[in-house]
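Residue numbers start from 1 in every chain, and the chains themselves are labelled A, B, ... in the order their sequence lines are given, proteins ahead of strands. Not measured: the values here are computed from a predicted model.
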Amino acid sequence: MTNEEFANYLFPNVQDVSYYENKYKKRNLKEGAIVTRYAPSPTGSIHMGNLFQAFISKQYARQSGGIFFLRVEDTDQKREVENGIEGIVKDVESFGINFDEGYGIGGEYGPYLQSERGDIYAAYVKYLVAKGLAYPCFCSSSEIDENRTIQESTKERIGYYGRWATCRDLTPDTAKEKIEAGNPYIFRMKSRGDFNKKHVYHDAIKGDLEYPENDMDNVILKSDGLPTYHFAHAIDDHLMGTTHVIRGDEWVSSLPVHLELFDLLGFKTPQYAHLAPLLKKDGDVVRKLSKRKDPEASVRYYHELGIPVDAIKLYLSTVGNTNFEEWYLANPDKNITDFTFQFDKMSVGGTMFDLAKLENISKVYFSVQKADKIYDEVLNYSKQYDLEFANILEHNKDYTISLLNIEREIERPRKDIGAYPSVRKEFWYMYDELFNKEANPYQDIAKNYQYDDLITYMNTIYLSTDTEEEWFGKVKDFAGTHGYAINRKDYKADPSSFKGQVSDFCELIRVMATTKTISPNLYDILKLLGNDRLKKRLELFARQK
RNA sequence: GGUCUGUUGGUGAAGCGGUUAACACGCCGCCCUCUCAAGGCGGUAUACACGGGUCCAAACCCCGUACAGACUACCA
């Protein structure tokens, strides 16, 4: 029996591979267009590493005028989670990362669900068997385990290769007999590699990678009839026209297998780009960010924290290309989509996932946004996580926008908002609903203030319709005639002859109005509060004496 | 055990055979200022994991060692 006859016996009702090669036409894209994909397993939710991968893949496709598609790798039924795919798609789309084609969207290269591609994989297994490049293997898992034990004790390389690959030399006739006797089997690739031969592969990110040829007869079709990752990857990315496989660097070590598989199948290999993992410092050790151990690994965590999606994308961009941050700082008015990512500007080792840095980026991001946009987003966030505040916001729309506008649209705006909840945390005192809720808003004030001066000031001056300059001039005059130094040099020369400086008097006003020693521009705050409310606060404050 | 990869000040990170080893954050001082932030000026740091080698010359190339990570499944 020839290999070809054997292949026909094994797969009598399968299309010839030329059928699929014709069906899935070469993509008609412009020169240099990159086709990337996001190919998750349906395990429910994604973590930052996955998001990073999807984000970067999308960027490369977009910036080159290519295609970014979604393929679902559901070949492991044991790991499958109910509605797992939906959860993943939701997570990715919540970051505005959408697909040009793929599962749930459609496209000419489907099905995009691997479990629906059985016929296709079978056709290619048949093709390999006919050429003597794949074979059925009857070894049981206990036999494999035994081999492994022997290999461990004799310190040989572990795996199914060379003399350990006992089924690779079975003739088609013996194999057929075993099948007819009812022995269960799987399919393995028949490696032609020599482990002692080394090659260099140029990874788009990692650069030159030296690797030994693969000589393992890896499983390509499992007993459930579904392909392994390795095989499905080769078939799908070939047929779907993927030009660049961007994936985590845990795959680097199976690169020799994939390279050989493409070779056996006669496919052109895609360009691989292996992404460095996101790392975390856990005490003294640095390790990969873990979905199980680290809450910050979860993508949903950031939605709860109220960090804007765009800020996270900004952060991922800085992680993605080492020169991104510099560019963004120099072009604050530009968009991420205006930046061209380069593979050789990506981190080769791991990247520390730094929450403090994320927060900082988020603050910079907020500082350049328009007040009404922030209002809308904070309201939106609050509706989900803080109904009380959402209600307050809805009743104080213009007021809140004015508040958010203080020191905003200027050359160097304030950076005091890092996330949506910061608005309440930083400015609660600007809302009477929240201010009056406190039994005594001033209870934490420890300092002994000159209450009488403040009362005198409030009773005589107030705000009226002054401009900021007029107002501050009056504050200065008043402070000067009530024992405060009106310039720093005088005070420094002889501090004991003053009650303090003008800044100390301003602090007094500030504490009365806001209960805090730090706030945005005092004049704007006072104006927003208005004389009536200030008067009430003054009375309350004066009781602290 | 095997294969592959990585290791530059407190942190991030340039550099790719000849540099005073950038830059950013941080930290300290001064200036400005109604607070904070921002900004300006100046300063700070015992930074190229360790040991050999090649070279006139090494953070950069080679070989070891240590440490760290990934993989070593009919999981992806």
Side-chain angles (χ1 to χ4, degrees), chain A residues 39-43 73-79 114 137 139-141 144-145 148 151-160 184-188 195 198 201 203 206-207 209-212 214 216 218-230 232-233 247-257 274 276-277 279 281 285-288 318-319 322-323 325-326 329 345 347-352 354 356-357 360 363 367 407 410-416 426 468 471-472 475-476 479 488 501-511 514 516-523 525-526:
Chain A
S41 295
T43 50
E73 311 219 323
D74 60 338
T75 56
D76 185 8
Q77 294 148 330
K78 292 184 285 291
R79 292 209 317 179
Q114 286 183 333
C137 169
C139 293
S140 65
S141 55
I144 303 280
D145 285 347
R148 167 190 262 281
Q151 287 166 337
E152 273 170 2
S153 66
T154 57
K155 298 202 191 311
E156 278 173 273
R157 277 163 49 235
I158 292 158
Y160 200 85
Y185 61 97
I186 51 146
F187 284 92
R188 289 180 182 274
F195 184 73
K198 298 234 174 177
Y201 177 79
D203 183 271
K206 303 227 169 219
L209 257 24
E210 195 182 42
Y211 69 95
N214 171 63
M216 302 271 173
N218 292 288
V219 176
I220 53 174
L221 212 59
K222 301 184 284 183
S223 56
D224 57 11
L226 291 170
T228 56
Y229 169 85
H230 307 299
H233 152 55
R247 46 148 56 160
D249 73 355
E250 67 270 20
W251 290 109
V252 169
S253 34
S254 33
L255 191 59
V257 177
H274 289 96
L279 266 24
K281 201 163 227 167
V285 297
V286 172
R287 35 156 262 248
K288 207 168 159 177
T318 67
V319 169
T322 51
N323 56 334
E325 192 173 10
E326 198 185 338
L329 256 20
K345 287 285 196 311
S347 173
V348 173
T351 311
M352 211 59 78
D354 188 350
K357 182 92 180 173
N360 185 271
K363 282 185 174 172
S367 76
E407 293 174 90
I410 55 177
E411 198 180 338
R412 282 183 268 280
R414 296 184 66 83
K415 293 178 185 162
D416 42 13
E426 294 290 324
E468 184 165 359
W471 167 78
F472 186 58
V475 170
K476 230 170 164 175
R488 186 172 294 205
Q501 306 181 59
V502 174
S503 62
D504 292 309
F505 187 67
C506 283
E507 179 178 322
L508 185 53
I509 303 174
R510 172 172 275 119
V511 169
T514 69
K516 293 166 122 41
T517 53
I518 298 170
S519 84
N521 186 297
L522 227 202
Y523 172 77
I525 290 288
L526 295 180

>> Checking contacts here: which listed nucleotide (B:A76, B:C36, B:C74) is nearest the side-chain heavy atoms of A:Ile518?
In response: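 That would be B:C36.
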> So which nucleotide from B:C4, B:C34, B:C74 ends up closest to the side chain of A:Thr228?
Replying inline: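 Among B:C4, B:C34, B:C74, the one nearest the side chain of A:Thr228 is B:C74.
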> Looking only at atom types and distance, does a side-chain atom of A:Glu407 sit under 3.5 Å from a main-chain N or O of A:Pro520, one as donor and one as acceptor?
Replying inline: no
May I have the distance from [X] (atom [atom1]) to [N] (atom [atom2]), rounded to whole angstrom?
X: A:His233; N: B:A73; atom1: NE2; atom2: C1'; value: 18 Å
X: A:Gln151; N: B:A73; atom1: CD; atom2: C1'; value: 13 Å
X: A:Arg510; N: B:U35; atom1: CZ; atom2: P; value: 8 Å

> With nearest nucleotides of RNA chain B determined for A:Lys476 and A:Lys198 from heavy-atom distances, which residue corresponds to the more 5′ nucleotide?
Replying inline: A:Lys198
> If you find the nucleotide of RNA chain B closest to A:Leu522 and the one closest to A:Pro212, which residue's nucleotide is nearer the 5' end?
Replying inline: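 Between the two, 5'-proximity favours A:Pro212.
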Which value, in whole Å, describes the distance between the [atom1] atoms of nucleotides [N] and [M]?
N: B:C67; M: B:C28; atom1: P; value: 37 Å
N: B:C31; M: B:C36; atom1: P; value: 14 Å
N: B:A58; M: B:U19; atom1: C1'; value: 13 Å
N: B:G42; M: B:U46; atom1: C1'; value: 22 Å
N: B:A66; M: B:G51; atom1: P; value: 15 Å
N: B:A21; M: B:A45; atom1: C1'; value: 14 Å

Is there a side-chain polar atom (N or O) of [X] under 4.0 Å from OP1 or OP2 of [N]?
X: A:Lys78; N: B:A76; result: no
X: A:Lys222; N: B:A73; result: no
X: A:Lys363; N: B:C36; result: no
X: A:Ser141; N: B:A73; result: no

Please give the nucleotide sitting opposite [N] as a Watson-Crick or G-U wobble pair, both distances under 3.5 Å, or none.
N: B:G6; value: B:C67
N: B:G29; value: B:C41
N: B:C16; value: none
N: B:A76; value: none

>> Could you check whether the side chain of A:Ser223 and the base of B:C74 have a donor-acceptor pair of N or O atoms closer than 3.5 Å, going by distance alone?
In response: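 Donor-acceptor pair under 3.5 Å: yes.
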